[in-house]
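Structure first, then comments.
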2 protein chains.
Amino acid sequence: MSQLKWYFEDFEVGKTIAVGSCTVSEEEIIEFATKFDPQPFHVDKAAAAQSMYGGIIASGWHTCGMIMRLMVDGFLKEAASLGSPGVDEIRWLKPVRGGDTLTVTTTALESRPSGSRPDRGVITTSWEARNQHGELVATVKGMGMFQRRPKPANLE
Amino acid sequence: MSQLKWYFEDFEVGKTIAVGSCTVSEEEIIEFATKFDPQPFHVDKAAAAQSMYGGIIASGWHTCGMIMRLMVDGFLKEAASLGSPGVDEIRWLKPVRGGDTLTVTTTALESRPSGSRPDRGVITTSWEARNQHGELVATVKGMGMFQRRPKPANLE
């Protein structure tokens, strides 16, 4: 198996990684929400215009999906990722609208080797998504399980 | 404006609502993950078969989307929902695979009138998703902001 770039040991607590950016269209916002969150302010232009949001806004779950995609493209595709046991907190701080560009960073908060499985550990991370105006639109405290870096082959 | 069924006052702390069920296919799992979480164990059948999961599993964000859709169909579409400030905890406890049927309940944990806006309040809820074997696959501690029930018209 070829070596990957990111194993458990490679996440330095306190270090922030610039993950990437993406732009979302109103059509994509409506398409996602029609499947997963068809509340009027996510799918119905006229109703959204009358709502407290003044227009269509993205489902918070769509925002999380966009952030996740940037995480995968930004580093998880080169990581010994074993999935995630969960998330400790999500805050949807500002609406995300069609045409917005999100730029995402992740910072390792804690690095905890598994007590029961010596080949892996959990990294707790803080994700931040900002829009094109520099406003923080969403934060996530995530957890990721990663393999430990394989030891060099035994030469015996 | 016609009256809705669910306003802030209608969520009784401690009461569990059966929200509904849905079945997900492996094609839908791969389609979601190709867009939002293209890790090998979500999108690549051969790689997933070799992984610790032994086959394709749904992105946890997809599971959250499925639960959210049931919430909307189950009661939010008849609720004076103003969106959500966030989520306090997600746990992905068991893999969700193609063909699985998820059944979701929500229980109101706390009811907190807004301090600054007398027309609304936040309900904290615990969501539980079980598969067709009765196994708990995901839990979410969510928050929802709801309008207070409108007072009867002033007769002066």
Side-chain angles (χ1 to χ4, degrees), chain A residues 1 22 28 31-43 48 50-53 57-73 76-95 117 119-120 138-145 147, chain B residues 1 22 28 31-43 48 50-53 57-73 76-95 117 119-120 138-145 147:
Chain A
M1 201 175 95
C22 70
E28 290 169 319
E31 183 190 350
F32 180 97
T34 299
K35 276 191 188 165
F36 296 111
D37 192 355
Q39 299 188 75
F41 42 81
H42 297 318
V43 298
Q50 296 294 318
S51 77
M52 63 186 275
Y53 300 112
I57 63 167
S59 168
W61 299 109
H62 189 186
T63 304
C64 288
M66 291 184 244
I67 297 171
M68 188 68 208
R69 175 58 188 266
L70 291 172
M71 293 283 170
V72 175
D73 291 350
L76 282 174
K77 68 181 177 191
E78 299 177 287
S81 165
L82 298 172
S84 168
V87 159
D88 275 343
E89 185 187 281
I90 302 172
R91 290 294 177 268
W92 293 305
L93 302 168
K94 292 259 183 191
R117 304 288 296 264
D119 64 336
R120 64 191 64 175
T139 59
V140 178
K141 288 209 180 91
M143 286 186 278
M145 193 160 52
Q147 288 179 306
Chain B
M1 202 174 95
C22 70
E28 289 169 320
E31 184 190 349
F32 180 97
T34 299
K35 277 191 186 164
F36 296 111
D37 192 356
Q39 298 188 78
F41 42 81
H42 297 318
V43 297
Q50 297 295 317
S51 76
M52 64 187 275
Y53 300 112
I57 63 167
S59 168
W61 299 109
H62 189 186
T63 304
C64 288
M66 292 184 244
I67 296 172
M68 188 68 209
R69 175 57 188 267
L70 291 172
M71 293 283 170
V72 175
D73 290 349
L76 281 175
K77 68 180 177 190
E78 298 177 286
S81 165
L82 298 171
S84 167
V87 159
D88 276 343
E89 184 187 282
I90 302 172
R91 289 294 176 269
W92 294 304
L93 301 168
K94 292 260 183 189
R117 304 287 296 264
D119 64 337
R120 64 191 65 175
T139 58
V140 178
K141 287 208 180 92
M143 287 185 278
M145 194 161 52
Q147 289 179 306

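Below, chain A is the first sequence line, B the second, and so on; all start at residue 1.
- The choice from B/Pro40, B/Ser59, B/Cys64 that makes the most heavy-atom pairs within less than 4.5 Å of chain A is B/Cys64.
- For the pair A/Gln147 and A/Arg117, the minimum side-chain heavy-atom distance is 4.5 Å or more.
- The two residues B/Leu82 and A/Phe41 have their closest heavy-atom pair at C-CZ, 4.2 Å.
- Both the backbone and the side chain of A/Trp92 come within contact range of chain B, judged by heavy atoms closer than 4.5 Å.
- Here the closest heavy-atom approach between residue B/Ser81 and residue A/Gln39 is recorded as OG-OE1, 2.8 Å.
- Here CD1 of A/Ile90 is found 3.5 Å from CD1 of B/Ile90. Values are rounded to the nearest 0.5 Å.
- Annotation for B/Val43 and B/Thr34: closest pair CG1-N, 3.6 Å, computed over non-hydrogen atoms.
- Using a 4.5 Å cut-off between heavy atoms, A/Thr63 does not touch chain B at all.
- Distance check: B/Leu76 CG to B/Leu70 CG gives 11.0 Å after rounding to the nearest 0.5 Å.
- Side-chain contact between A/Asp37 and A/His62 is absent, with no heavy-atom pair separated by less than 4.5 Å.
- When heavy atoms are compared at a cutoff of 4.5 Å, A/Pro38 approaches chain B by way of both its backbone and its side chain.
- Between chain A and the options B/His42, B/Lys35, B/Lys77, the largest number of non-hydrogen pairs under 4.5 Å is found for B/Lys35.
- Within the 4.5 angstrom heavy-atom criterion, no atom of A/Met71 approaches chain B.
- The residue among A/Val72, A/Val87, A/Ile67 with the most heavy atom pairs within less than 4.5 Å of chain B is A/Val87.
- In terms of heavy-atom pairs under 4.5 Å with chain B, the best-connected choice from A/Ser51, A/Ala33, A/Gly60, A/Gly83 is A/Gly83.
- Top candidate by heavy-atom pairs under 4.5 Å with chain A, chosen from B/Glu89, B/Arg69, B/Met66, B/Lys141, is B/Arg69.
- For chain B, the nearby part of A/Met52 is the side chain; its heavy atoms alone come within less than 4.5 Å.
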